[in-house]
S.K.: 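Pasting in a structure now, in structure tokens, and then I'll have a few things to ask.
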There are 2 protein chains.
Amino acid sequence: MTPLVHSFVAHFGEMGSRWGINRTVGQIYALIFVSPKPLCADEIAETLSYSRSNVSMGLKELQSWRLVKLRHVAGDRREYFDAPSDAWEIFRTLAEERRRREMEPTLSMLRSALLETPSCDEDKVAQERMKGMHDLIELMSNWFDDVQRLDAQTLAKLMRMGARVQKLLELTGQLKSGSKE
Amino acid sequence: MTPLVHSFVAHFGEMGSRWGINRTVGQIYALIFVSPKPLCADEIAETLSYSRSNVSMGLKELQSWRLVKLRHVAGDRREYFDAPSDAWEIFRTLAEERRRREMEPTLSMLRSALLETPSCDEDKVAQERMKGMHDLIELMSNWFDDVQRLDAQTLAKLMRMGARVQKLLELTGQLKSGSKE
DNA sequence: ATCAAATTTCAGAAAATACTGAAATTTCGG
DNA sequence: CCGAAATTTCAGTATTTTCTGAAATTTGAT
């Protein structure tokens with residue numbers, strides 16, 4: 001590993017826990033991400049000094065996040081991995097997986113909590129707050145879904161507009177009020 | 001704790017680790033969030049059966065995330081806590097803290113990695129990939145910043161538009177091409 | 001300033017998580 | 001199918017994180 005790659009890999013190892021993955025998984029991903037060619041488990045284990053089995057589990061985890069893709073090299077029985085290098089694709093994948101793992105379970109818990117009949121004033125207040133949380137999470141979740149469908153270019157344009165979208169929205173409001181609906 | 005509140009609290013405890021906080025912290029937050037009145041550390045420790053010191057550390061953590069606010073009750077020396085109940089405010093706070101904790105350190109690592117002179121072809125490829133990642137994170141980071149400044153109403157409107165924003169953008173493109181710039 | 005109530009700190013125990021190596025299983029070329 | 005190469009599983013160990021209780025510190029009413 002060159003010093004440049006080493007520092008990148010080390011950083012991903014350190015940040016791993018904040019991102020909800022562990023050190024090994026973070027480092028494996030970083031290594032695959034910057035590698036010019038697909039890597040096999042042995043190379044990864046060797047480079048990072050982790051056991052072959054640990055790397056195997058890490059790769060499974062990364063596949064479950066859809067952050068690495070399995071490749072086959074002609075005339076080689078081993079499995080090779082590379083990572084999508086398009087940042088937008090990665091962002092989409094992460095957003096989708098996080099929604100699935102971090103938002104959906106809560107949404108479904110909130111949905112059933114909101115169906116309960118409150119048994120006291122305390123429950124009434126609790127349900128009101130849960131309702132607020134539920135509605136926001138649902139809104140965000142649907143928004144993610146919509147945004148997934150935009151192409152990278154449009155998405156980038158939107159982001160670059162940033163707060164100026166507000167102006168656009170005001171403008172449309174005016175247009176609309178003078179037309180249908 | 002009523003069964004309704006209990007299930008909400010338990011869920012936050014379980015999800016905690018996916019969200020980058022621990023079980024105690026998740027449960028303390030959930031309890032404060034749905035409580036009709038501010039709670040003090042003793043009440044929380046009692047309700048959740050955690051030690052007073054654990055609750056103290058959990059509250060510190062929640063304060064560092066700006067998810068709970070310190071209150072004082074007249075004629076009582078103890079510290080009471082409540083949580084902002086406006087979902088948008090919570091979202092803003094979370095987005096801002098996550099950016100600070102999860103994106104900024106990586107952005108600064110990437111910035112310095114990109115200043116290095118690549119020592120070989122491998123480094124050249126690595127830097128290209130890092131550049132892609134850097135640019136996206138920076139774009140998102142700035143976008144968050146912009147979005148922070150929008151009021152809840154505008155933000156909600158934007159989200160509800162979802163993918164239809166694309167139409168709006170196309171429209172503006174047409175308008176623009178017929179005007180300045 | 002005093003002192004009791006409240007909070008925080010921190011060392012060590014408990015629990016959870018990550019990691020390894022050996023064994024089991026799968027895979028695929030012949 | 002056979003068997004070597006590759007991958008996965010899993011029980012046990014190591015490490016990290018969380019949690020507690022006792023001691024130290026801070027706070028604020030008197």
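Just so it is clear: chains get the letters A, B, ... in the order the sequence lines come, proteins before strands, and each one is counted from 1.
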S.K.: Does Arg52(B) reach a base, just sugar-phosphate, or nothing at all? Heavy atoms under 4.0 Å.
M.R.: base
S.K.: Kindly assign one of parallel, tilted or perpendicular to the pair Trp19(B) and Phe12(B), based on the angle between their ring planes and the thresholds 30° and 60°.
M.R.: perpendicular
S.K.: Write down the distance between CD (Glu61(A)) and C1' (dT7(D)), rounded to a whole number of angstrom.
M.R.: 18 Å
S.K.: Measure from OH on Tyr50(B) to P on dA14(C) and round the result to the nearest Å.
M.R.: 17 Å
S.K.: Measure from CZ on Arg77(B) to C1' on dT8(C) and round the result to the nearest Å.
M.R.: 15 Å
S.K.: To the nearest angstrom, how far is Asp42(A) atom CG from dA5(D) atom P?
M.R.: 12 Å
S.K.: Between C1' on dA6(C) and CG on Leu59(B), what's the gap in Å once rounded to a whole number?
M.R.: 13 Å
S.K.: CE of Met57(A) versus P of dA6(D): gap in Å, rounded?
M.R.: 20 Å
S.K.: Just how far, in rounded Å, is C1' of dT7(D) from NE2 of His72(A)?
M.R.: 11 Å
S.K.: Any idea which of dC19(D), dC19(C), dT7(C) is nearest the Asn54(B) side chain?
M.R.: dC19(D)
S.K.: Looking at dC10(C), I'd like to know if its phosphate oxygens (OP1 or OP2) sit under 4.0 Å from a side-chain N or O belonging to Ser53(B).
M.R.: no
S.K.: Starting from Ile44(A), can I reach Val73(A) by hopping between I/L/V/M/F/W/Y residues whose side chains sit under 4.5 Å apart?
M.R.: no
S.K.: Is the phosphate of dT8(C) approached by Ser56(B) (side-chain N or O, under 4.0 Å from OP1 or OP2)?
M.R.: yes
S.K.: Is the side chain of Gln127(A) donor-acceptor paired with the backbone N or O of Ala113(A) at a distance under 3.5 Å, no angle test?
M.R.: yes
